[in-house]
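Working notes, structure below.
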Amino acid sequence: MAVGARDFIDKLLVEKYAQEKVDNHDSMALVSKVQADDMLDAMNMNSDSYKTMLALNTRLTMVCYGVVAKSAKYVKTEALL
């Protein structure tokens with residue numbers, strides 16, 4: 001697979017910027033602004049909250065099924081033959 005311009009516009013852009021040299025990175029840009037332990041703690045708290053929400057959702061679903069089942073009224077009808 002070749003690397004390079006595929007059409008006329010790309011070719012013009014390659015010619016225009018071929019000799020440009022850029023050194024715009026800052027040494028502080030490569031340093032993390034957030035401590036790794038703080039990020040891991042936040043991710044852990046988020047996952048714990050999500051697991052708790054899933055467990056509560058499952059329990060609430062089962063309770064709702066039970067309430068609906070207990071409140072159902074079945075009426076005996078005659079079979080049609």
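Quantities reported herein were computed from a predicted structural model and do not represent experimental measurements.
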Spacing of [atom1] belonging to [X] relative to [atom2] belonging to [Y], to within rounding of 0.5 Å:
X	Y	atom1	atom2	value
E15	L13	CD	CG	9.5 Å
L12	Y17	CG	OH	11.5 Å
N57	T52	CG	OG1	12.5 Å

Discussion item. Can you confirm whether more than 12 heavy atoms, excluding those of L60, are under 6.0 Å from its CG atom?
Written reply: yes

key: K73 NZ: over 12 foreign heavy atoms closer than 6.0 Å   = no

Residues joined to M45 in its hydrophobic cluster, side chain to side chain under 4.5 Å directly or through other members, sorted by chain and number, are none

If two hydrophobic side chains count as joined below 4.5 Å and joins carry through other members, does M43 share a cluster with V34?
yes

Residues passing the side chain to side chain contact (heavy atoms under 4.5 Å, CB included) test with Y50, sequence neighbours excluded, are M53, L54

Residues at least two apart in sequence or cross-chain that pass side chain to side chain contact (heavy atoms under 4.5 Å, CB included) with N44, listed by chain then number, are S47, D48

